[in-house]
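Comments concern the structure below.
In what follows, every chain begins at residue 1, and chains take the letters A, B, ... in the order their sequences are listed.
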Protein chains: 2
Amino acid sequence: MDLDTIRAMDAADPLRDFRDRFELPDGVVYLDGNSLGALPKVTAARMADVVNREWGQDLIRSWNSNHWIEAPRRLGGKIARLIGAKDHEVVAADSTSINVFKALSAAVQLRPGRSIILSETGNFPTDAYMMQGLAHLSGGRIEQKLLPADQIPAALNDQVSVLLLTQTHYKTGRLHDMAALTRAAHAAGALVIWDLSHSAGALPVDLNGCQADFAIGCGYKYLNGGPGAPAFLFCAERHHGDVFPALSGWFGHAAPFAFDDSYEPGAGIDRFQCGTPGILGMAALECGLDLMLEAEMAAIRLKSQALGDLFIALCEDRLTGFALASPRDAAQRGSQVSIRHDEGYAIMQALIARGVIGDFRAPDILRFGFTPLYTRYEDVWLAIEALAEIMKTGEWREARFATRAAVT
Amino acid sequence: MDLDTIRAMDAADPLRDFRDRFELPDGVVYLDGNSLGALPKVTAARMADVVNREWGQDLIRSWNSNHWIEAPRRLGGKIARLIGAKDHEVVAADSTSINVFKALSAAVQLRPGRSIILSETGNFPTDAYMMQGLAHLSGGRIEQKLLPADQIPAALNDQVSVLLLTQTHYKTGRLHDMAALTRAAHAAGALVIWDLSHSAGALPVDLNGCQADFAIGCGYKYLNGGPGAPAFLFCAERHHGDVFPALSGWFGHAAPFAFDDSYEPGAGIDRFQCGTPGILGMAALECGLDLMLEAEMAAIRLKSQALGDLFIALCEDRLTGFALASPRDAAQRGSQVSIRHDEGYAIMQALIARGVIGDFRAPDILRFGFTPLYTRYEDVWLAIEALAEIMKTGEWREARFATRAAVT
């Protein structure tokens with residue numbers, strides 16, 4: 001495998017023209033789109049328009065004239081197409097954490113006689129934390145349980161109201177079998193919430209094909225919605241009418257502008273809105289969604305797997321001392337490859353200093369995300385080149401004692 | 001009172017130069033800054049910078065290098081200066097509705113033996129709705145009670161855990177006596193949450209002087225933070241250590257990037273953060289805050305009262321058929337004047353068609369907000385002129401059957 005071969009892969013890539021639709025800084029190999037997606041070029045112009053014209057000139061009238069009021073549903077409908085849902089089953093709103101709470105509190109309400117909310121040890125922390133908050137608030141009626149993934153199926157019993165799992169593990173990229181685990185939960189009478197933060201926009205997801213009950217996910221990773229973009233929530237149509245939302249804000253009311261004293265849930269998915277939507281964030285997220293919807297998800301998945309396979313092959317060919325933390329089988333893996341090294345933190349700092357941006361996850365994981373709309377095969381080559389160079393020169397030793405920085 | 005006199009008032013206004021710091025569309029008299037504040041000119045450039053440079057070029061590194069991670073606390077500290085709080089008692093986060101839930105769930109936790117959460121009938125609906133959601137989620141342990149304002153003091157007993165009131169009424173602009181009601185609640189052993197949505201940036205607020213326990217409020221009204229801007233939450237320092245947050249997301253964790261399975265509340269006010277903050281919204285809100293902090297709150301209040309007094313005087317001089325819905329005494333009034341008319345909806349539509357933007361609140365209220373940084377005395381004159389003209393020509397009749405539009 002040489003650079004010519006790799007450049008030929010880029011030349012033959014059916015998605016190659018998408019890269020030019022993104023702003024990417026010179027001299028940077030960006031393999032952290034699973035933490036913050038890159039800026040679509042169109043977003044800059046759209047943000048100027050929403051600020052200057054819609055807010056500045058049209059002011060309050062924009063809620064109607066520029067369709068701000070419809071943004072959560074409109075964006076939800078676009079996200080639905082990426083995750084195998086109907087457009088009236090998804091809403092863009094709030095943060096992923098808040099949406100976890102909405103889904104959890106709805107699920108426990110739908111299974112009133114059951115006390116256990118179940119998830120996986122090592123799941124992305126905010127999922128576990130939001131469960132803990134709900135359990136604490138319940139004053140003992142709800143109990144949180146975290147188990148290693150392989151013990152989950154056996155733990156699904158008639159005391160479990162809901163199973164909350166992240167489809168693509170944030171550290172390793174390991175994929176859960178959504179269909180099988182959903183079936184297992186349903187067989188025990190439990191509901192399932194899927195966290196799609198590292199799945200939506202990264203691989204084909206078929207929520208309704210799997211009979212999923214709820215899902216939540218993130219707008220700022222593979223959906224390229226910008227830092228802290230609005231998140232999303234899916235609730236299967238069959239549950240809509242039975243949920244009285246715990247976060248029953250005025251934007252989820254059946255008639256918000258009637259200003260009644262009493263809350264009446266809005267129709268369908270509308271009841272999962274809460275406060276006034278952040279329109280600037282919505283505008284940026286919509287640009288990311290529109291761009292992604294131009295591509296074929298099957299092509300994205302194919303390239304994502306090829307990028308990951310190439311990374312693993314070059315890694316094993318060129319490097320020693322690293323252990324693969326992700327599944328080797330691309331079918332079992334999301335759109336990232338993680339490798340372990342005891343000096344992972346310092347090595348990642350040295351890589352970033354060379355303009356190769358991945359991220360570090362404690363205690364020892366170097367994580368590289370592949371975003372097929374703008375990641376080239378050559379980027380993978382350059383990343384491995386830099387990594388090999390860093391290990392050869394030992395320059396990572398200088399980064400060893402640098403302050404551990406917070407990156408999301 | 002003639003136009004020359006009024007123009008002389010504008011010429012003598014110590015805040016007159018602030019108007020030029022805002023984008024205001026030609027031909028519009030904007031009296032709806034209490035629904036959506038106008039765009040500060042500096043915000044457009046700042047938004048381009050946060051999008052193009054911070055997101056586009058610096059990407060994930062911006063969480064540290066451009067201080068995104070500190071935004072909720074940094075903005076909270078700025079808001080604190082407007083509401084009589086210490087900078088470590090306020091955080092900018094989520095929506096007003098979500099923050100109501102955070103404050104309510106914290107307050108009931110601090111008063112575990114008490115079952116009643118109390119508010120006012122006709123309070124801004126989302127406050128009541130969020131109470132209802134919490135009560136529903138509690139499965140009967142918490143009961144929501146809404147009473148007319150004059151019955152609140154007598155209802156404060158040893159079953160009330162928390163009193164939630166909006167300081168400035170959204171419809172009438174009537175001010176509650178924050179100090180007296182907080183004292184009364186405390187005398188009954190209850191806590192108080194103040195909704196400052198129509199107060200922050202509109203008038204001097206002294207939360208700590210009143211010994212308030214919690215407060216929440218809105219970033220997109222008088223703080224000029226943009227549509228759906230992040231909201232804020234105040235928790236008095238004395239309560240920080242005793243609250244285990246119900247919305248216990250990873251951004252409120254003591255060490256978010258340790259990725260532990262178990263939630264440990266962050267120090268102080270940090271625990272009231274939840275998910276990843278929306279950085280685009282934060283950037284716009286910070287521009288509004290910085291601009292507001294250049295002005296003296298005492299000068300803002302003085303002008304706000306004078307604008308309201310002028311509106312009432314001209315209204316009574318020039319119009320018949322309208323009833324004053326706001327307190328006549330400026331000391332009892334926020335930064336708005338509301339008037340009633342049976343045909344209020346149609347009249348407001350006709351006004352908006354003439355470029356005078358206020359808003360309508362069912363069933364019969366025409367609401368006019370005064371934002372002293374950009375509202376001129378002449379704007380009040382022009383609004384009354386237009387209103388008088390509309391009543392004379394009867395052109396409002398044409399707007400009578402227009403679709404009732406949703407505006408926030």
Side-chain angles (χ1 to χ4, degrees), chain A residues 23 25 30 32 35-36 39 44 47-48 51-52 55-57 59-60 63-64 68-69 95-98 101 105 121 125-126 128-130 132-133 136-137 146 226-228 244-250 253 257-261 263 274-281 284 357 362 405-408, chain B residues 23 25 30 32 35-36 39 44 47-48 51-52 55-57 59-60 63-64 68-69 95-98 101 105 121 125-126 128-130 132-133 136-137 146 226-228 244-250 253 257-261 263 274-281 284 357 362 405-408:
Chain A
E23 286 296 342
Y30 193 61
D32 209 8
S35 193
L36 173 63
L39 169 65
M47 289 310 291
V51 170
N52 294 311
W55 174 12
Q57 296 299 308
L59 286 158
I60 190 69
W63 283 104
N64 297 307
W68 289 353
I69 199 96
S95 66
T96 307
S97 302
I98 295 291
F101 191 87
S105 53
T121 46
T126 217
Y129 299 165
M130 296 309 291
Q132 221 176 319
H136 190 271
L137 186 67
L146 299 181
F244 188 98
L247 301 180
S248 45
W250 74 311
H253 193 280
F257 297 96
F259 299 105
D260 289 334
D261 273 347
Y263 182 81
C274 184
T276 309
I279 294 301
L280 304 184
I357 303 181
V407 288
T408 59
Chain B
E23 286 295 342
Y30 193 60
D32 209 8
S35 193
L36 174 63
L39 169 66
M47 289 310 291
V51 170
N52 294 310
W55 174 12
Q57 296 299 308
L59 287 155
I60 191 69
W63 283 104
N64 297 308
W68 288 354
I69 199 95
S95 66
T96 308
S97 302
I98 295 290
F101 190 87
S105 53
T121 46
T126 216
Y129 299 166
M130 296 310 291
Q132 221 176 319
H136 190 272
L137 185 67
L146 300 180
F244 188 98
L247 301 180
S248 45
W250 74 310
H253 193 281
F257 297 96
F259 298 106
D260 289 333
D261 273 348
Y263 182 82
C274 183
T276 310
I279 295 301
L280 304 184
I357 302 182
V407 287
T408 59

Q: Determine whether B:T96 and A:T276 make a side-chain contact, defined as any pair of heavy atoms from C-beta on separated by less than 4.5 Å.
A: no

Q: To the nearest 0.5 angstrom, please state how far the CG atom of A:L36 sits from the CH2 atom of B:W55.
A: 7.0 Å

Q. Residues two or more places apart in sequence or in another chain: which of them pass ring pair (Phe, Tyr, Trp, His ring centres under 6.0 Å) with A:F101?
A. B:F101

Q: Measure up the B:F244 and A:H136 rings against each other and bin them: parallel (under 30°), tilted (30 to 60°), perpendicular (over 60°).
A: parallel

Q | Residues in side chain to side chain donor-acceptor pair (under 3.5 Å) contact with B:T126, at least two apart in sequence or another chain | A | B:S97

(Q) Out of B:A128, B:S105, B:A246, return the one with the most heavy atom pairs under 4.5 angstrom to chain A. (A) B:A246

Q: Kindly indicate whether the side chain of A:I98, heavy atoms from C-beta on, has any atom under 4.5 Å from the side chain of B:I98.
A: yes

Q: Look at the aromatic rings of A:Y263 and B:Y129 and report parallel, tilted or perpendicular, splitting at 30° and 60°.
A: perpendicular

Q: Heavy-atom pairs under 4.5 Å with chain A are the metric here; pick the option from B:Q132, B:M47, B:E23 that has the most.
A: B:Q132

Q. So which part of B:A44 gets closer than 4.5 Å to some heavy atom of chain A, the side chain, the backbone, both or neither?
A. both

Q: Give the member of B:G228, B:P277, B:G278 that has the highest number of heavy-atom pairs under 4.5 Å with chain A.
A: B:G228

Q) Should A:L59 and B:D32 count as side-chain neighbours, where that means a heavy-atom distance under 4.5 Å? A) no

Q: Side chain from CB out, backbone as N, CA, C, O: work out which of these in A:M130 comes under 4.5 Å of a heavy atom of chain B, or both, or neither.
A: both

(Q) Could you report the tightest heavy-atom contact between A:W63 and B:P227, atom names first, then the distance? (A) CZ2-CB, 4.5 Å

Q. Taking every heavy-atom pair that is under 4.5 Å apart, which of A:S248, A:G275, A:G133 has the most such pairs with chain B?
A. A:S248

Q.
Quick check on the interface: out of A:P245, A:G281, A:A258, A:G56, who has the most heavy-atom pairs with chain B under 4.5 Å?
A. A:G56

(Q) Under 4.5 Å from any heavy atom of chain B, what part of A:L247 do you find: side chain, backbone, both or neither? (A) both

**Q.** Option in B:I357, B:D261, B:L137, B:L280 with maximal non-hydrogen atom pairs under 4.5 Å from chain A
**A.** B:D261

